[in-house]
Amino acid sequence: MNIITFDIEEWFAYIDQGRFKEYDLYLDTILNKLDEQQQKGTFFCVGEMGRLFPDVIRKIHSRGHEVGCHSNIHTWLNKMTEAECREDTLRAVDSLEQCIGEKIKSYRAPAFSIGESNKWAFEVLAENGIERDASVFPASRDFGGFPNFGQEEPCIVEYNGIRIKEFPICTAKLLGKEVAYSGGGYFRFFPLSFIMREMKRTQYSMGYFHIGDLLPDTIGVLSKEEYEAYFKEPGTFKARYLRYLKTNLGKRNALKKLMRLMSSVSFFNLEQADSMIEWKQSPVVKI
Ligand SMILES: [Zn+2]
């Protein structure tokens with residue numbers, strides 16, 4: 001089962017750049033391609049988009065796709081206290097539900113930022129009516145992640161008496177490190193043939209894309225101040241340069257590559273996948 005998801009935040013995250021028409025165009029290209037392939041995606045949207053750009057969210061919803069939640073303002077969950085996360089999730093879910101008039105049931109944390117150190121986030125999600133999560137990175141990584149998760153397929157996460165259906169991100173080994181090959185910067189980096197081979201090798205895959213990953217122009221190295229304001233960690237030269245490389249690698253062909261992938265693979269969204277899975281037989285991961 002191959003799942004396709006998009007994280008929708010650019011209109012809000014880069015509001016001062018005013019490139020809304022360009023983002024709209026990329027979104028339309030994706031929506032048209034999904035129609036052509038008769039496929040549905042899950043679009044994880046930041047809550048503030050529901051307040052500031054409701055037409056974008058309503059367009060996604062009216063074309064028959066699932067609207068999920070991607071936090072309120074794209075703050076990484078590992079940089080929030082539990083109380084802040086509770087407030088953030090409440091605001092985000094409320095905004096999106098008011099925008100589309102339907103319950104939001106799926107969630108993805110920005111940058112897969114739920115890990116061992118903030119697993120209380122699952123409680124916060126459950127309190128807000130979230131039934132499906134796609135935030136787990138089931139390996140160790142620079143920050144967060146679940147090194148001992150032990151599942152690379154949909155499963156049930158159990159924490160403190162609550163249960164959530166989990167759709168973890170898929171990883172592949174690159175230079176001894178587990179990387180999320182099926183989206184983001186890694187999708188641009190790996191040849192399409194490698195990505196398709198990996199997707200076919202496993203029974204489950206999860207594609208994840210941001211509009212920003214598909215834009216062809218390069219983004220400069222962030223200043224120390226910009227980096228620290230956004231990532232809330234020391235903006236060393238190395239950190240800023242690595243971020244620059246990750247943001248810009250393989251940008252020229254990214255949209256074309258995505259269109260080719262969507263033409264050759266049958267994708268489903270989380271809502272469809274949820275109804276196709278025999279959850280009674282799925283593994284339960286106690287965290
Ligand atoms: Zn995002």
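Start at 1 and go down the list; that is how both ligands and their atoms are numbered. Just so you know, these numbers come straight off a predicted model, no measurement behind them.
Below the 2.8 Å limit, the Zn ion (ligand 1) has as protein N, O or S neighbours Glu9 OE1, His70 NE2, His74 NE2, His210 NE2.
Checked against the 6.0 Å centroid criterion, the rings of Phe137 and Phe149 do not qualify as a close aromatic pair.
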Would you tabulate the side-chain donor-acceptor contacts of residues 276-287 under 3.5 Å, counting partners in other chains and residues two or more places apart, or write 'none'?
{"from": "Trp279", "atom 1": "NE1", "to": "Asp274", "atom 2": "O", "distance (Å)": "3.0"}
{"from": "Trp279", "atom 1": "NE1", "to": "Asp274", "atom 2": "OD1", "distance (Å)": "2.8"}
{"from": "Ser282", "atom 1": "OG", "to": "Glu278", "atom 2": "O", "distance (Å)": "3.3"}

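Residues that satisfy the side chain to side chain donor-acceptor pair (under 3.5 Å) test with Lys103, not counting sequence neighbours, are Glu97. For Glu48, the side chain to side chain donor-acceptor pair (under 3.5 Å) criterion is met by Arg51, Asn72, Arg91, not counting sequence neighbours.
Using a 4.0 Å cut-off between charged nitrogen and carboxylate oxygen, Glu233 and Lys79 count as a salt-bridge pair.
Put simply, the side chain of Ile114 reaches to within 4.5 Å of the side chain of Phe122, judged on heavy atoms.
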